[in-house]
> 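Quick one: the structure is below, and I'll ask about it shortly.
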Amino acid sequence: MQLEARARAAISQALRRLGVDCPADLPLERPRPEFGDLSTRVAFPLSRQLGRPPQEIASELAAALQGHLDFAAVKAVGGFLNLQFTPAALHEVLQEILRQGGDYGRQDLGRGRHLQVEFVSSNPTGPLTVGHGRQAALGDVIAALFSELGWRVTREYYLNDEGKQIDLLAQSLWARYRQALGEEAAIPEGGYQGDYLIPIGEELAQGWGDRYPQFDEAARVAFRKAAVGRMMRLIEEDLEAFGVRFDVWTREGDLHRRGLVRETLEELRRRGATYEKEGAVWLRSTDYGLSRDPVLIRSDGTPTYLMVDIAYHVDKFRRGFVKVIDVQGADHAEEQQQVKLALRLLGLPEGFLEYCVHQFVTLKGREGLERMSTRAGHFIRLGDLIRELGRDVVRYFMVRRKPESHLVFDYELAKKTSMDNPVYYVQYAHTRIASIFREAGKSATRDALGVTGVDLSLLTDPNELALIKELDRFPEVIVQASRFAPHLLCEYLEGIAALFHPYYARVRILGQGEATPARLALLLGVQLVLKRGLAILGVSAPKEM
RNA sequence: GCGCCCGUAGCUCAGUCAGGAUAGAGCAGCGGUUUCCUAAACCGCAGGCCGGAGGUUCGAGUCCUCCCGGGCGCACCA
């Protein structure tokens with residue numbers, strides 16, 4: 001980022017000499033190393049504007065930049081302008097990174113505005129599965145990225161504790177309870193078959209005895225309450241193990257009690273967005289290009305999930321969030337269209353709600369590969385996976401692919417503790433640096449002393465300079481990753497580690513006289529970025545392993 | 001049938017939003033080196049009609065159209 005700023009300043013000055021204003025979006029990219037550190041193709045658009053060939057313009061720019069203190073080489077090749085920075089410029093960049101220390105990477109794009117990330121929001125009908133794990137990791141990391149960018153972030157879980165699915169769950173649990181009492185009770189059709197209800201049924205049988213011989217109204221109420229309570233405890237345990245914390249839990253029941261659903265429906269009606277047919281209330285979605293009109297209010301007068309969801313988002317807006325991000329699975333695509341449309345018709349600002357949609361997870365190399373279904377009881381619990389592989393590995397693997405791609409979770413690779421495993425590859429880099437600093441501290445001398453006032457000009461190794469250039473990208477990577485692309489942060493950290501490990505193997509740090517403090521300063525910068533990056537991912541940065 | 005997403009090296013994937021210079025990485029494969037401040041290495045080689053066909057452009061993995069293949073959805077479930 002510092003490098004881009006320097007290049008932009010220099011190029012803009014050179015452009016002025018040619019009598020051209022610097023475009024606001026001056027194209028700058030990091031080309032293949034043999035072309036230099038930064039490259040601009042600004043001569044191509046200018047060629048049209050000035051009616052001259054790109055190469056001619058690029059050459060003139062290069063001439064204007066000759067002798068600039070920041071650049072060791074300025075070349076015009078085929079219309080591209082390639083810049084190579086001097087080591088001195090890079091040393092200044094490192095100096096500034098070290099000055100910023102723990103704040104490096106933090107930016108104020110959010111300006112303290114309120115943002116909400118809603119994720120997981122799994123119905124309390126069973127434990128979290130591997131699929132929820134992807135969502136939990138994604139939501140948590142996106143939240144962390146946005147707080148890094150200066151937003152005030154609320155992590156929220158929407159708890160759907162009403163409705164037919166909960167009734168089915170209650171009845172399924174009741175069946176397990178009767179079974180525990182020695183009866184032949186069947187799980188209801190479409191009910192929850194999973195083993196996880198068995199121990200709970202047994203426990204209830206012990207506590208309640210024969211109090212609920214029939215699944216009547218009293219039983220329904222009691223078993224709903226028991227089931228939701230127990231399921232939430234399971235979910236909370238797994239979230240805790242995964243290191244995910246929510247600031248706010250919103251229950252569907254609360255929205256009803258506050259009259260929000262009625263109110264939102266009225267507003268939609270008033271704006272002519274609804275109509276009645278067959279005793280139900282429908283949203284006029286097809287008028288706006290969607291493929292079907294969904295029901296908002298059933299003919300029995302109860303609101304559908306969609307209706308409640310719309311009301312919920314209106315509530316989010318009233319609560320003062322400037323932006324709301326919902327992390328959801330690809331199976332909710334249609335619902336998302338409908339909610340967005342409804343919010344538009346209600347006059348909420350465009351772009352208030354954004355969905356981070358992710359595809360599903362398949363687990364490769366472990367028992368239980370088949371398609372997961374909570375209802376059928378075929379699934380792998382997130383908690384089990386965390387216990388087997390550790391929180392760090394599971395979190396990292398879950399965000400390592402872009403959300404819209406199907407994720408194949410490679411269990412064999414995840415199990416490895418060698419550096420083949422990308423998580424360890426990154427963590428070991430941090431650990432190795434920590435160990436060097438430990439050693440430096442032991443050997444007394446001035447090696448371990450502070451890095452301010454260190455002569456960085458002794459950093460001349462290509463690997464050292466490459467590391468600095470890479471460290472410079474960190475703030476920009478955070479911005480890119482925040483656009484629902486946390487995998488870019490993983491890729492970046494792996495890149496840093498891939499520069500560091502060979503360097504470490506080849507170049508000795510301690511006991512190298514004047515070079516030692518300079519190298520320690522560089523390692524401090526590398527460690528800083530690794531630590532901050534891992535922290536955003538919610539992955540530990542161990543000092544020893 | 002309609003809608004959304006995906007199709008890049010043997011495998012898992014970056015790169016597609018903002019079109020640019022010989023398409024990148026990891027794993028697996030092959031060949032070397034090393035055990036040092038260190039947690040379990042380092043270096044190199046090989047591997048690709050970027051699903052297919054058209055089009056736009058000086059230039060397409062990237063944009064447009066069509067087709068093929070895979071996933072998901074198309075409920076008065078959530």
> What is the per-nucleotide protein-contact pattern of nucleotides 8-13 of chain B, from the 5' end, where B denotes a base atom under 4.0 Å from a protein heavy atom, S denotes such proximity for sugar-phosphate atoms only, and - denotes neither?
---SBS
> When the P atoms of rG10(B) and rG29(B) are considered, how many whole Å apart are they?
16 Å
> Is it true that E544(A) and S435(A) share a donor-acceptor pair across their side chains at a distance under 3.5 Å?
no
> Can you tell me how far P of rA21(B) sits from NZ of K75(A), to the nearest Å?
18 Å
> If I pick the C1' atom on rC13(B) and the same atom on rG61(B), what distance separates them, to the nearest angstrom?
14 Å
> Measure from CG on L81(A) to C1' on rA21(B) and round the result to the nearest Å.
14 Å
> Considering every strand and a 4.0 Å limit on heavy-atom distances, what is the contact class for L413(A): base, sugar-phosphate, or nothing?
nothing
> Between H358(A) and F360(A), what is the ring plane arrangement, given parallel below 30°, perpendicular above 60°, and tilted in between?
perpendicular
> Tell me what T417(A) touches on the nucleic acid: a base, only sugar-phosphate, or nothing, going by heavy atoms under 4.0 Å.
base
> In whole angstrom, give me the gap between the P atoms of rG59(B) and rA21(B).
14 Å
> What is the distance from CZ of R483(A) to P of rU16(B), rounded to the nearest Å?
10 Å
> Between the base of rC2(B) and the side chain of S291(A), is there any donor-acceptor pair under 3.5 Å?
no
> Calculate, to the nearest 0.5 Å, the distance between atoms CZ and OG belonging to R41(A) and S47(A) respectively.
13.5 Å
> Applying a 4.0 Å non-hydrogen cut-off, can you work out what P54(A) is touching in the nucleic acid: base, sugar-phosphate, or nothing?
nothing
> Indicate, with a heavy-atom threshold strictly under 4.0 Å, whether E278(A) touches base, sugar-phosphate, or nothing.
base
> How far, in whole Å, is rA9(B) from rC50(B) if one measures between their C1' atoms?
10 Å
> Sticking with atom P, work out how far rG44(B) lies from rG26(B), rounded to a whole angstrom.
10 Å
> Taking N and O atoms by type only, does the side chain of S418(A) place a donor or acceptor under 3.5 Å from a partner on the base of rA41(B)?
no
> Just to confirm, is there a sub-4.0 Å distance from OP1 or OP2 of rG24(B) to any side-chain nitrogen or oxygen of R32(A)?
yes
> Around atom NZ of K531(A), are there more than 12 heavy atoms of other residues, nucleotides or ligands at under 6.0 Å?
no
> Kindly confirm whether the side-chain ring of Y504(A) is stacked on the base of rC37(B), judged by centres under 5.5 Å and planes under 30°.
yes
> Starting from Watson-Crick (N1-N3 plus N6-O4 or O6-N4) and G-U wobble pairs under 3.5 Å, report the runs of at least three that RNA chain B belongs to.
B:1-7 with B:68-74, B:10-13 with B:24-27, B:29-33 with B:41-45, B:51-55 with B:63-67
> Could you give the CD1-to-P distance, from I297(A) to rC76(B), as a whole number of Å?
13 Å
> Answer with yes or no whether the side chains of N160(A) and E252(A) bring together a donor and an acceptor at under 3.5 Å.
yes
> At 4.0 Å (heavy atoms only), tell me whether A333(A) reaches a base, stays on the sugar-phosphate, or touches nothing.
nothing
> Ring of Y312(A), cation from K316(A) - is the NZ or CZ under 6.0 Å from the centre and inside 45° of the axis?
yes
> Determine whether more than 12 heavy atoms belonging to other residues, nucleotides or ligands lie under 6.0 Å from atom CZ of R52(A).
yes
> Between rC63(B) and rA18(B), how many Å separate the two P atoms, rounded to a whole number?
9 Å
> Hey, which of these two, P403(A) or E252(A), hits RNA chain B nearer its 5' end, going by closest nucleotide?
P403(A)
> Going by ring centres under 5.5 Å and near-parallel planes (under 30°), is F80(A) stacked on rG20(B)?
no
> Atom CG of L290(A) and atom CD of Q338(A): how far apart are they, to the nearest 0.5 Å?
5.0 Å
> Going by atom types only, do Y157(A) and E118(A) share a side-chain donor-acceptor pair under 3.5 Å?
no
> Which part of the nucleic acid does Q55(A) contact within heavy-atom distance under 4.0 Å: base, sugar-phosphate only, or nothing?
nothing
> Classify E544(A) by what it touches in the nucleic acid, base, sugar-phosphate, or nothing, heavy-atom distance under 4.0 Å.
nothing
> For H313(A) and D326(A), does a side-chain donor sit closer than 3.5 Å to a side-chain acceptor?
yes
> Identify which one of L296(A), L283(A), T302(A) satisfies the side chain to side chain contact (heavy atoms under 4.5 Å, CB included) criterion when paired with M307(A).
L296(A)
> Taking atom P in both rU34(B) and rC17(B), what distance in whole Å separates the two?
47 Å
> Is the number of heavy atoms from other residues, nucleotides or ligands under 6.0 Å of D21(A) CG greater than 12?
no
> When you get a sec, tell me which of rC37(B), rA41(B), rG15(B) is the closest nucleotide to the side chain of L510(A)?
rC37(B)
> Round to a whole Å and report the spacing from CG of D420(A) to P of rA28(B).
5 Å
> What is the distance, to the nearest angstrom, from the NE2 atom on H358(A) to the C1' atom on rC72(B)?
12 Å
> Give the rounded distance in Å between these two atoms: NE2 of H487(A) and P of rA14(B).
6 Å
> Counting side-chain heavy atoms from CB outward, which of rG73(B), rC76(B), rG20(B) is closest to S299(A)?
rC76(B)
> Assign R292(A) to base, sugar-phosphate, or nothing according to its heavy-atom contacts below 4.0 angstrom with the strands shown.
sugar-phosphate
> Tell me whether the ring of F35(A) lies stacked over the rA21(B) base, given a 5.5 Å limit on centroids and a 30° limit on the plane angle.
yes
> NA contact type, P502(A), heavy-atom cut-off 4.0 Å: base, sugar-phosphate, or nothing?
sugar-phosphate
> In whole Å, what is the span from the NZ atom of K416(A) to the P atom of rG26(B)?
14 Å
> Could you pull out all residues at least two apart from D287(A) that satisfy salt bridge (Lys or Arg N to Asp or Glu O under 4.0 Å)?
none
> Considering only atom C1', compute the distance from rG70(B) to rU8(B) and round it to an integer number of Å.
16 Å
> Under 3.5 Å, is there an N or O donor on one side and an acceptor on the other linking the side chain of N82(A) and the base of rA21(B)?
yes
